[in-house]
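Note that the structure is predicted; figures quoted are calculated from it, not measured. Sequence lines set the chain letters: A, B, ... in the order given, protein chains first and strands last, and positions in each chain run from 1.
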Amino acid sequence: MRRDYNGGLIAFSRFFSFFATRTCSPELSINSQFRLLCITCDSLTTTHTFSQLLRQCIDERSISGIKNIQAQMLKSGFPVELSGSKLVDASLKCGEIGYARQLFDGMSDRHIVTWNSLIAYFIKHRRSKEAVDMYRLMITNKVLPDEYTLSSVFKAFSDLSLEKEAQRSHGLAVILGLEVSNVFVGSALVDMYVKFGKTREAKLVLDRVEEKDVVLITALIVGYSQKGEDTEAVKAFQSMLVEKVQPNEYTYASVLISCGNLKDIGNGKLIHGLMVKSGFESALASQTSLLTMYLRCSLVDDSLRVFIGIKYPNQVTWTSLISGLVQNGREEMALIEFRKMMRDSVKPNSFTLSSALRGCSNLAMFEEGRQIHGIVSKYGFDRDKYAGSGLIDLYGKCGCSDMARLVFDTLSEVDVISLNTMIYSYAQNGFGREALELFRRMINLGLQLNDVTVLSVLLACNNSGLVEEGCELFDSFRKDKIMLTNDHYACMVDMLGRAGRLEEAEMLITEVTNPDLVLWRTLLSACKVHRKVEMAERITRKILEIAPGDEGTLILMSNLYASTGKWNRVIEMKSKMKEMKLKKNPAMSWVEIDKETHTFMAGDLFSHPNSEQILEKLEELIKNAKDLGYVEDKSCVFQDMEETAKERSLHQHSEKLAIAFAVWRNVGGSIRILKNLRVCVDCHSWIKIVSRVIKREIICRDSKRFHHFRDGSCSCGDYW
DNA sequence: CTAGGGTTAG
């Protein structure tokens, strides 16, 4: 019966639609068309007439058309309440919220659709506060929300963190039975609880929804994925397949991120296959997630293959690629891709910039980094905390803590991470007092410190010889029951060890439940500094029990024996290393000149195209230094050889070659050197004197910290 | 005439 009625209505409106398109011509104004139609139709069909005309107004975005129609309705005595919601809807679609609101306010009796349209409009334009206000007004007007109202208003609650009110409305959805019966309401609820971080609640809602669909389940997977409950995300995806719900591009986009987080390449590849099979391989967001997944699993080649297949990568895609490459130690390539992105006129955002900056700072590429700083300013991210932290990190790792501080002071919002980065910059560069002052400021601001904070302050004390302060802080951290990791202990062992308090350092290790290799090696290197052969041998036995033939340990012992003249033992160590087929990491230095990075290896005098000039300049610098009192320190040579050969080997250290090259190229400003190992005592005293000779600052970042050589002295105070 | 889910970061 009812179906017949509906069918009749549909047939009628089809007929009318035909009529309307014939009657309405673009030459006539909406006004005259309306009059025309009124003449040809009786009042019963007027509602349908309106629909046709309004649709045309929407197509033409003509708010005046809508106003005309309303005027005609009034004139012909047609009650506005009957068609009010259509007028409101048309106004909203023309982007005229003001007029829609005016209409709404003028109505004495409002249909629920009117309320829903307005709420939906506010949600769509992220005007959550107004959406909630409208919802509240609806309740006070005793209008009962329906499935449309509820499925949109929940987003506003999560946006505004209105948990209490959200719960009350959830209760309403339960009472109305909509939580179970309407999957739109269910998904909105799941999404809301997910945004509140309550995946458990979200799952409970999902379980109650009768007919689960792809959106509902995806909303939960997204929740798990974003909260780091990645195993749950993958499980939910699998059970979705079991229940024969087809995943779509949104689903793939989120579950793949979880596979990446888990480094679960097995499932990752499986899902990749599924994605191709179901035809979602060309959806950009899924492709981006796929790219991210391969990068997180360190499968750089696979990720590049995915990237090549992407026709129009957007900002997010590029950012994912650039940050992933940096994470995999492929900084140079990351920066090339960054340039390509800029060339393709894809705008960078703060994520992109902070990743590109991190690429620069890892390689201490000062010039390149400064150019990116220019881009940061150009796009207005100077005060942004993400881009800002990248800049602070860059300047810190290039030895300019002053510039890092300048950036830090312009940030619009200071948080734990930007503070950590700044403290760490000071720490690396040996500005312990400044680091501690910032740390105190952080405490005063009431910010919750984390493990990076702890490491940064301890490192600051360590690098500035503030042993007492360091111990006090460490004790206070222990007292405050702050989670201390092996890294924190290693820092303390290093600090105490360097200060010659070896027994205390060893005591500290016994406190650690699961001491790792690094911890013992740190102690061992302290033994080396203080030439405590017996203790070193005891520690070595301990290490070799955990890790037989550990490379670092054998090298350290070999060097210790060398510096105490026990050459027989040195040979013993070396043969042991040969047996294990271990080779020492070659010592390398890098220097960036005119945005080009030059690499130097210790003892390698010929591979650089300008070796001749470099050696000439080096000889000159050594002579100049000797005139001012430089004498080779042969304790830095760990091989038994003739005295002159020892001198020669010292002269071929990679940092000396790099500095000679930079001086020869006559670079302006400070000379910046990056080293993979730590700077030796001989080079350290040589560079000090050279900095006076050439009247130029030399900044050397070794594997552990910075040395600023200026006018014959070093910022580390000869303590490193 | 009104409704639900995604990808990048220090």
Side-chain angles (χ1 to χ4, degrees), chain A residues 47 50-51 54-55 58 83-93 111-121 123-124 145-155 178 182-192 194-195 209 213-223 225-226 247-257 260 283-293 295 313-324 326-327 348-358 361 384-394 415-422 424 452:
Chain A
T47 331
F50 288 150
S51 301
L54 283 173
R55 199 166 305 154
I58 293 165
S83 267
S85 53
K86 280 193 175 153
L87 282 169
V88 167
D89 174 59
S91 308
L92 290 175
K93 281 188 178 142
H111 193 269
I112 179 132
V113 173
T114 320
W115 293 94
N116 290 345
S117 297
L118 277 165
I119 291 175
Y121 176 87
I123 298 286
K124 196 173 156 195
D146 67 1
E147 61 269 37
Y148 286 85
T149 328
L150 291 172
S151 55
S152 52
V153 80
F154 289 130
K155 199 194 281 299
L178 293 170
N182 187 288
V183 70
F184 285 83
V185 173
S187 324
L189 275 167
V190 167
D191 177 58
M192 182 182 73
V194 157
K195 300 259 156 70
V209 176
D213 71 358
V214 55
V215 178
L216 178 73
I217 304 175
T218 303
L220 184 68
I221 294 177
V222 169
S225 182
Q226 287 177 346
N248 63 20
E249 49 177 311
Y250 292 79
T251 327
Y252 289 118
S254 49
V255 75
L256 283 168
I257 295 302
L284 188 55
S286 327
Q287 287 176 308
T288 303
S289 295
L290 196 58
L291 177 78
T292 312
M293 189 271 293
L295 285 165
N314 65 9
Q315 190 184 53
V316 179
T317 318
W318 280 109
T319 306
S320 171
L321 177 72
I322 292 164
S323 79
V326 172
Q327 278 159 13
N349 60 22
S350 57
F351 291 48
T352 329
L353 293 166
S354 75
S355 302
L357 285 167
R358 207 147 52 85
S361 47
D384 179 89
K385 59 181 175 177
Y386 294 108
S389 303
L391 286 170
I392 294 168
D393 187 43
L394 168 79
D415 67 352
V416 185
I417 299 195
S418 46
L419 265 162
N420 283 351
T421 315
M422 192 59 231
Y424 193 79
V452 180

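- Remark: the A:Ser389 side chain and the A:Ser418 side chain contain no N/O donor-acceptor pair separated by less than 3.5 Å.
- Across all strands shown, A:Asp213 has heavy atoms under 4.0 Å from base atoms, whether or not it also approaches the sugar-phosphate.
- Using a 4.0 Å heavy-atom cutoff across all strands shown, A:Val113 reaches at least one base atom of the nucleic acid.
- Residue A:Lys93 places at least one side-chain N or O under 4.0 Å from the OP1 or OP2 atom of B:dT2.
- Atom pair A:Trp318:CH2 and B:dT8:P shows a separation of 18 Å (rounding to whole Å applied).
- Considering only the side chain of A:Ile257, B:dT7 comes nearest among B:dA9, B:dG4, B:dT7.
- Between A:Leu353 and A:Asn349 there is no side-chain heavy-atom pair separated by less than 4.5 Å.
- One can place CG of A:Leu353 at 17 Å from P of B:dT8, the figure rounded to the nearest angstrom.
- Straight-line distance from the CG atom of A:Leu357 to the P atom of B:dA9: 15 Å, rounded to whole Å.
- Between the OH atom of A:Tyr121 and the C1' atom of B:dT2 there is a distance of 15 Å, given to the nearest Å.
- If you check B:dA9, B:dT7, B:dG6 against the side chain of A:Ser350, the one that comes closest is B:dA9.
- Every residue two or more places apart in sequence or in another chain was checked for a ring-ring contact (aromatic ring centres under 6.0 Å, His included) with A:Tyr424, and none qualifies.
- In this structure, A:Gln315 does not reach the B:dT7 phosphate: none of its side-chain N or O atoms is under 4.0 Å from OP1 or OP2.
- Ring-base stacking between A:Phe351 and B:dA9 is satisfied, the centre separation being under 5.5 Å and the plane angle under 30°.
- Between the P atom of B:dG6 and the CG atom of A:Leu291 lies a distance of 20 Å, rounded to the nearest Å.
- Checking the phosphate oxygens (OP1, OP2) of B:dT7, no side-chain nitrogen or oxygen of A:Thr317 falls inside 4.0 Å.
- Which of B:dA3, B:dT2, B:dG6 sits closest to the side chain of A:Ser286 comes down to B:dG6.
- Between the side-chain ring of A:Phe184 and the base of B:dA3, a stacking contact exists by the 5.5 Å and 30° definition.
- Residue contacts shown for A:Leu216 include a base, since a base heavy atom lies under 4.0 Å away.
- Between the CG atom of A:Leu295 and the C1' atom of B:dA9 there is a distance of 14 Å, given to the nearest Å.
- Among B:dA9, B:dG6, B:dT2, the nucleotide with an atom closest to any side-chain atom of A:Ala253 is B:dG6.
- Atom CD of A:Glu147 is separated from atom CG of A:Leu178 by 5.5 Å, given to the nearest 0.5 angstrom.
- Rounded to an integer number of Å, the gap from CG of A:Leu87 to C1' of B:dT2 is 15 Å.
- Contact annotation for A:Asp89: backbone-only contact, meaning every heavy-atom pair under 4.0 Å involves sugar-phosphate atoms and none involves a base.
- The nucleotide whose nearest atom lies closest to any side-chain atom of A:Ala188 is, among B:dG4, B:dG6, B:dT8, B:dG4.
- Between A:Gln287 and B:dG6 there is no side-chain polar atom (N or O) within less than 4.0 angstrom of OP1 or OP2.
- Here B:dA3 is the nucleotide among B:dA9, B:dC1, B:dA3 with the atom lying nearest to any side-chain atom of A:Ala120.
- Taking only distance into account, the side chain of A:Asn182 never meets the base of B:dG4 through a donor-acceptor pair shorter than 3.5 Å.
- Using a 4.0 Å heavy-atom criterion, one finds that A:Ser117 contacts the sugar-phosphate atoms exclusively.
- Not counting sequence neighbours, the partners of A:Asp415 by the salt bridge (Lys or Arg N to Asp or Glu O under 4.0 Å) test are A:Lys385.
- Across the protein-nucleic acid pair, A:Leu150 atom CG and B:dA3 atom P stand 14 Å apart, rounded to whole Å.
- The residue A:Asn420 sits apart from the nucleic acid: no heavy atom pair falls under 4.0 Å.
- No hydrogens or angles were tested; on distance alone, nothing pairs the side chain of A:Ser152 with the base of B:dA3 as donor and acceptor under 3.5 Å.
- Residue A:Val88 is out of contact with every strand shown, counting any heavy-atom pair closer than 4.0 Å.
- Among the nucleotides B:dG4, B:dC1, B:dG6, the one closest to any side-chain atom of A:Val183 is B:dG4.
- No contact: A:Thr421 has no heavy atom under 4.0 Å from any strand.
- Residue-level contact check: A:Val190 touches neither bases nor backbone, having no heavy atom under 4.0 Å from any strand.
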